[in-house]
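Everything on this sheet refers to the single structure shown next.
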Protein chains: 2
Amino acid sequence: MNNENRESASSSHVTIADVAREAGVSQATVSRTLHGSSKVTAATRQRVLQAAESLHFTLSQNASSLASGRTNRILFLCSGPLGSWFNAGVLQGAYEVFQPERYDITPASVTGRHELDNYVASLPTMRNADAAIISSFQMTEPLEDQLSAVSMPTVGVDIPGHTRGFDASVGIDNLTGMDRAVRLLRALGHDRIAFVCDRTEEDMVYNATERRQAFLQSAETCGYSTDDATIITANDVNPRPIAELAAHLAVQLLASPVRPTAVCVETDLLAIALIKELSRQHIRVPEDLSVIGFDDAAIADAAELTTIRQDPVQLGRDAATMVLSLLQGHTLEKPHILMEPIVVLRNTTARYGHGDQD
Amino acid sequence: MNNENRESASSSHVTIADVAREAGVSQATVSRTLHGSSKVTAATRQRVLQAAESLHFTLSQNASSLASGRTNRILFLCSGPLGSWFNAGVLQGAYEVFQPERYDITPASVTGRHELDNYVASLPTMRNADAAIISSFQMTEPLEDQLSAVSMPTVGVDIPGHTRGFDASVGIDNLTGMDRAVRLLRALGHDRIAFVCDRTEEDMVYNATERRQAFLQSAETCGYSTDDATIITANDVNPRPIAELAAHLAVQLLASPVRPTAVCVETDLLAIALIKELSRQHIRVPEDLSVIGFDDAAIADAAELTTIRQDPVQLGRDAATMVLSLLQGHTLEKPHILMEPIVVLRNTTARYGHGDQD
DNA sequence: TTGAAAGCGCTAACAA
DNA sequence: TTGTTAGCGCTTTCAA
């Protein structure tokens, strides 16, 4: 191919070769300059940058990746909708950390066991990401085995107690969180309490399971008998609108042999739906029943809901920071970290027996 | 390189060559099979798929992209946090559509004009995505010029009225939305109304500007005089916590020469913050003041806020669908679409003069 | 229907 | 410090 041809053929794309020719250096030098190598003269660097600038040159990630073996891409795998409060928060936090380091994020979401298994099975041989952040899954033995076979760094988010297979993990300390909530209720004089949640059977998504256990454990520590600290849960497993679920749970709550005077609810969303349903039955919160949610999403503030706060954005930042360390070959001093949730006091909790009673 | 070497050298990755050898066919045939070409015998296809399966083979996106020129990646560029209600929703909707088509999404967020300009300037020469979805920006002339120079398909989300430079766009019809809200207030007997928003100067983010104008226009149509339909806005441009902004706006609202009896607020978030501030001043909503928000985010439901609903997830789906069409070389029958928002009635609006008055 | 071979645009030894 | 060169793993003509 002669020069005339090369020049006319370059109609499609500006390549590193164009920059090299423009700057009068080799492709290797352009590459070195663009990657901030110190082994380039200031003068050369100047010329290269100028040439790149004037040609509006952008590196082809694909070509770079293929040649270097690094993709500069991080996989973010989560369960359920990408736009959920939790997932979107983690994604945002991770982006904040990765963006300045010039890593792209590839978000992916799976909605069922089968999909998840397939995805994880493809991980060991996939060369489309340098690392993976995996969020909010209930782990299983086979899943952990597959994860162990993955050669790239993997960090788990919100998968506490199941850190096998992960190089690192961040999560929240459900036990401490529930403990604080239960202690608050005890201090407010509530003698009968309950934990309200959706179906309890093992699910793909990590959430209520551990919190439920944490609630029972905290209650025991605080001196509640098993009759005075109960679980109120949906007794079937069909997905349904949250309002319907709340109504179903409200029935169980109100019909309890010994009705609790305070409840902790799995999530803010469910807590608010429950409160609405109760208010429809003229049960007042907090006069007749104290309610504590979980998450401190924006809706908790809007509904003046007392809740246990977790911060998915910070979880995402921490996970990303660990990924970066791992990618640099560092061994983490503390690979598995747990954040302590705090209780945010608002208007749905109150001292027992001090509202007008029914 | 002899065969012994090749086999021992394959320790790092399973490549298409390994699959080809295993199946006893050429690389080309493996490639064709994996891409669902019809020009492969059923028998051959069978053998190839089996080989791929047994080796846990996954295509290297990078190598595919480099060779084919298609990246199978879509850029999602938005303003502000990736985790915001709107951005996360659009991302989720786009993901729903792209995922089954095997396109990855690369999310990116910019927070300032300068950053945005840089990003868009790199678009014309960037070969790291096949198309771009660009969300919620206030367009400028130079920006539109740059966009026009981009060779890949670009579709705008929530950038109505500024469709130059975009191949397609989806957005919401702010005029219809505000019109419905204003008509509602008129029907409820409110004679003095206002639109409450953050600073009005031209900003990077598209939002209040058009809604403000739509409000004024609707008010005029409904017969409000310019004294009876006003704008209440922050008079400085410093970013600040929403509660502080709400307090600032509450002062202006309460101190109005003729106090409005109903307001439309730029967003749900601000509406709720405003209501809280007003309640602190013992102004009751809706008895003393009717409030209509904008968005119908989850918080609107939690706070029982009457609002104008828009659906970012659907916007994302529509944008993605258009991208797909464009990528297939189709010309869209209707490239610029506008969704009609509806008013969701809740507890913050009421007939004027029917609560206990001060 | 299948195979051979020439790149896609870049990086990373190795040499100079 | 810079240039030369040999691939990275795939796709895609072109021939068979």
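Given the structure is predicted, the values throughout are model-derived calculations rather than measurements. Here is the naming used below: chain letters follow the sequence lines, and residue numbers restart at 1 for every chain.
- Ion pair B/D104/A/R73 not flagged as a salt bridge, since none of the NZ, NE, NH1 or NH2 atoms sits closer than 4.0 Å to an Asp/Glu carboxylate oxygen.
- A donor-acceptor pair is defined here as one N or O able to donate and one able to accept, closer than 3.5 Å; no such pair exists between the side chain of B/Q99 and the backbone of B/Y95.
- At D/dC10, one or more side-chain N or O atoms of A/R127 fall inside 4.0 Å of OP1 or OP2 (strictly under the cut-off).
- Contacts between residues 51-70 of chain B and DNA chain C, defined by a heavy-atom separation under 4.0 Å, are made by B/L66, B/A67.
- More than 12 heavy-atom neighbours from other residues, nucleotides or ligands sit within 6.0 angstrom of CD on A/Q328.
- Between the CG atom of A/L34 and the P atom of C/dT11 there is a distance of 8 Å, given to the nearest Å.
- Two residues are said to be in side-chain contact when any heavy atoms from C-beta on lie closer than 4.5 Å; B/L49 and B/L34 meet this criterion.
- Proximity of a side-chain donor or acceptor of A/S79 to a complementary backbone N or O of A/T111 within less than 3.5 Å is not detected.
- Side-chain contact between A/F166 and A/M139 is present, with heavy atoms from C-beta onward closer than 4.5 Å.
- Residue pairs meeting the side chain to side chain donor-acceptor pair (under 3.5 Å) criterion with at least one member in residues 312-326 of chain A, sequence neighbours excluded, are A/E96-A/R317, A/Q314-A/R317, A/Q314-A/D318.
- Between B/H13 and the phosphate of D/dG9, there is no side-chain N or O to OP1/OP2 separation shorter than 4.0 Å.
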Pairwise N/O distances under 3.5 Å, protein to nucleotides 1-3 of chain C:
unit_1 : atom_1 : unit_2 : atom_2 : d
C/dT1  : O3'    : B/T41  : OG1    : 2.5
C/dT2  : OP1    : B/T41  : OG1    : 2.8
C/dT2  : OP1    : B/T44  : OG1    : 2.3
C/dT2  : OP2    : B/T41  : N      : 3.0
C/dT2  : OP2    : B/T41  : OG1    : 3.4
C/dG3  : OP2    : B/S26  : N      : 2.8
C/dG3  : OP2    : B/S26  : OG     : 3.0
C/dG3  : OP2    : B/T29  : OG1    : 2.7
C/dG3  : N7     : B/R32  : NH2    : 2.7
C/dG3  : O6     : B/R32  : NH1    : 3.3

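- Counting only distance, with no hydrogens or angles, the side chain of B/T125 and the backbone of A/H56 share a donor-acceptor pair below 3.5 Å.
- For A/S31, a side-chain nitrogen or oxygen approaches OP1 or OP2 of C/dT11 to under 4.0 Å.
- Counting to the nearest Å, the P atom of C/dC8 and the CD1 atom of A/I16 are 14 Å from each other.
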